[in-house]
Amino acid sequence: MLDKKVKSIVLAAGKGTRMKSELPKVLHSIFNKPLLAYVLDAVNNTDYVDESFVIVGHEAERVESFVKTNYENAKCVLQYPQLGTGDAVNKATPYLKDFDGYVIVVCGDTPLITSETIKNFVEFHDNNHADLTVMSAIFENPKGLGRIIRDKNKKFIAIVEEKDATPEQKAVKEINAGVYCINWKTVSNAFGSLQNNNAQCEYYLTDIVKWAVGKNLVVQSYILDNNEEIFGINSKVQLAEATKILNKKTVTKLMEEGVQIVDPDTTFISPETTIGADTIILPNVYITGKNTIGKNCKIGPFAHIRDGATIGNNVRIGNFVEVKKSVIKDNTNVSHLSYIGDAELGSKVNIGAGTITANYNPITKVKSKTIIKDGANTGSNSVLVAPVTIEEHASVAAGSVITKNIEAYALAITRTPLKVFSNWVKGKIEQHSGGNK
Ligand code: UD1
Ligand code: MG
C-alpha cells in the first residue's frame, strides 16, 4: 500500500502533425485499440489510480467522446491553445485543489508503457518519500529528447531540452522519458511560476525539476530498463514499429506459456487474447481485440479472429475463416472459408466449408444471433439467416439458406431439385460441329 492517493494526468492535446491524418494521433489504433486506451489501461491496471485527467486540444471533441464512452474515471480537460507540456498539466490544477496525494503524468502516445512499470515507479517514489520522481532512460542516440542534468555530485538538478542544450549537455545519454510522479501538495505551486523564455517559447513541464531543486525538495530519477516502453508514436512508420514490438512481446509470452506459433513473424495476436497450451497457430493469423482460445486448438493458416471470441478446447478454425463475437465450444470444427459472427456454436459441431452466419441487416442495422447446438452440422455453402437456431444434431444440407429454426435431429434442405438431361452436352457439340461443316 502507498502512503497517499494517486491520480493521473494524460497529455493528449498535441496535434500529431507527422501522422498526416484527420484522426487525432491518440485515437490511432494498434489491434483496433486506440493508443490512448493502452495508456489509460496501463494507468488503471496499477490499481493505485482512482481518477485521471486527459488533457485534450487538437480534435478535442473526438478524443473526449472516446474517453467518455470508455472510461468512467477519466475526465477531459481542454487545453487551447497548446502552450507546452507545463501549460497542459497546469490546466488540470483547478480540479486538484487541496489534493494531498501523488499525480502521475504520462503521455497519451506511448502505448507500450506497462502497468507494472508505472506501479514500480510510483512505489519507488513513495518508498523514497520523494517530492518529484522523473522516469529516465539511457539512450545511445538521445536525439530530440530532454537530457537529465546532474551536478558534479551526480545530483539530479534539471532537465534541458535538446533545443536549449549546450554541446556538453547534448552529450548526456540519460534522457527524460516524459513520465513524472509529483507530490502534488509540495510541487504543484511550480506550475504558476513556469516561464516560456526558451528556444520553443513553451511552458515546459520539465522546468518543475529546477523549481523543486531550488526549494530543496526531494527530486530523483527512476531509470527504466526497457526503453521500448516509452516509445512515443509520432508517425505511421512508428505506429507500425510499435505494433511489431507489442506483437513480438505477446507471441513470445504465448510461446513461453506453451502455445505453438509456427511463424511469429506473420502471426499477429492482440495482447488481450489468452490462448491455452498446445494450441497451434499457423502462419498469417490475425487476432484483434479480447478473445479466449482454449487448449489443443488449431487456428489458421489465414484465419481472422476479430474480437469477443470465446473458443473452447480442441477447436479447429481453418483457413479463410473469420470469427467475431462468438462462442465456440469444445471439439467443434470450422475448417474452411466461413464467417461466424454473433453466433453460439455448441460442442462437436461441424461447420461445412463456406458456411455463413448472415448476422447483419443493413436496412435496420440490427445484428442478430445464430445458435447452433451440440452435434449439429451445416453442409458446404449454407447460409444461416439470423436470428436462427439449429437444434442438437440437426443437419443442414449443402447449399441451403436457413431462415427459420430447425428442430433437433432434423434434416433441413432448401434446394431446387436436381435435374439431369442425359447427353445434353453431346447434342450441343454435334449441333455445333454440324453447323461448321
Ligand atoms: C517532452 C519533454 C522531453 C522528453 C520527451 C519524451 C517537455 C518540455 N519535454 O518533449 O524532455 O524527453 O517529452 O517524449 O515536456 N502536449 C500537450 N499540450 C502541449 C504540448 C504537448 O498536451 O501544449 C502533449 C503532447 O500531445 C504529447 C506530450 O504532451 O503527448 C509531449 O509533448 P511533445 O511535444 O511530444 O514533447 P517533446 O518535445 O517530445
Ligand atoms: Mg514527443
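One-based numbering, in listed order, for ligands and for the atoms of each.
Using a 4.0 Å heavy-atom cutoff, Thr206 is listed among the residues neighbouring ligand 1. Using a 4.0 Å cutoff on heavy atoms, Gly84 counts as a contact of ligand 1. Residue Leu83 places a heavy atom less than 4.0 Å from ligand 1.
Between the side chains of Asn198 and Glu161, no donor N or O sits under 3.5 Å from an acceptor N or O. A side-chain donor from one of Asn314 and Asn331 sits under 3.5 Å from a side-chain acceptor of the other. Counted by atom type alone, Asp207 and Tyr203 present zero donor-acceptor pairs between their side chains at under 3.5 Å.
Within ligand 1, the atoms closer than 4.0 Å to a non-hydrogen atom of Ala88 are 17 (C), 18 (N), 22 (O), numbered from 1 in the order shown. Residue Cys107 has at least one heavy-atom neighbour below 4.0 Å for each of these atoms of ligand 1: 28 (C), 30 (O), 31 (C). For ligand 1 and Ala12, the ligand atoms under 4.0 Å from any heavy atom of the residue are 22 (O). Close contacts between ligand 1 and Thr85 involve ligand atoms 7 (C), 8 (C), 15 (O), 20 (C), 21 (C), 29 (O), 31 (C), 32 (O) [criterion: under 4.0 Å to a heavy atom]. Of all the atoms in ligand 1, the ones that sit under 4.0 Å from a non-hydrogen atom of Gln82 are 19 (C), 23 (O).
The shortest heavy-atom contact between Gln220 and His125 is NE2-CA, 3.6 Å.
Here the side chain of Asp131 pairs no donor or acceptor atom with the backbone of Asn183 at under 3.5 angstrom.
The shortest N/O to N/O separation between Glu161 and ligand 1 falls below 3.5 Å. An N or O contact shorter than 3.5 Å is missing between Tyr204 and ligand 1 by distance. In terms of polar-atom proximity, Gly14 is counted as a contact of ligand 1, with an N or O under 3.5 Å from an N or O of the ligand. Of the polar atoms of Ile159, none of the N or O atoms is found under 3.5 Å from an N or O of ligand 1, judged by distance alone. For Ala13, a nitrogen or oxygen atom sits less than 3.5 Å from a nitrogen or oxygen atom of ligand 1, counting backbone and side chain alike. For ligand 1, one of its N or O atoms has an N or O atom of Gly146 under 3.5 Å away.
Ring planes of Tyr222 and Phe121: perpendicular class, angle over 60° (limits at 30 and 60°). Between Phe31 and Tyr286, the ring-plane angle classifies as tilted under the 30° and 60° cut-offs.
Residue Glu202 does not touch ligand 1, judged by heavy-atom distances below 4.0 Å.
The closest heavy-atom contact to atom 14 (O) of ligand 1, among the options Leu145, Val134, Asp87, Val26, comes from Leu145.
Atom CE of Met255 sits about 11.0 Å away from atom CD1 of Ile275, to the nearest 0.5 Å.
In this structure, Trp184 has its ring center closer than 6.0 angstrom to the ring center of Phe191.
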Test salt bridge (Lys or Arg N to Asp or Glu O under 4.0 Å) applied to Glu140 and Lys173, step by step: CA-CA 6 Å; Glu140 272 317 304; Lys173 288 183 176 169; 2.9 Å; yes
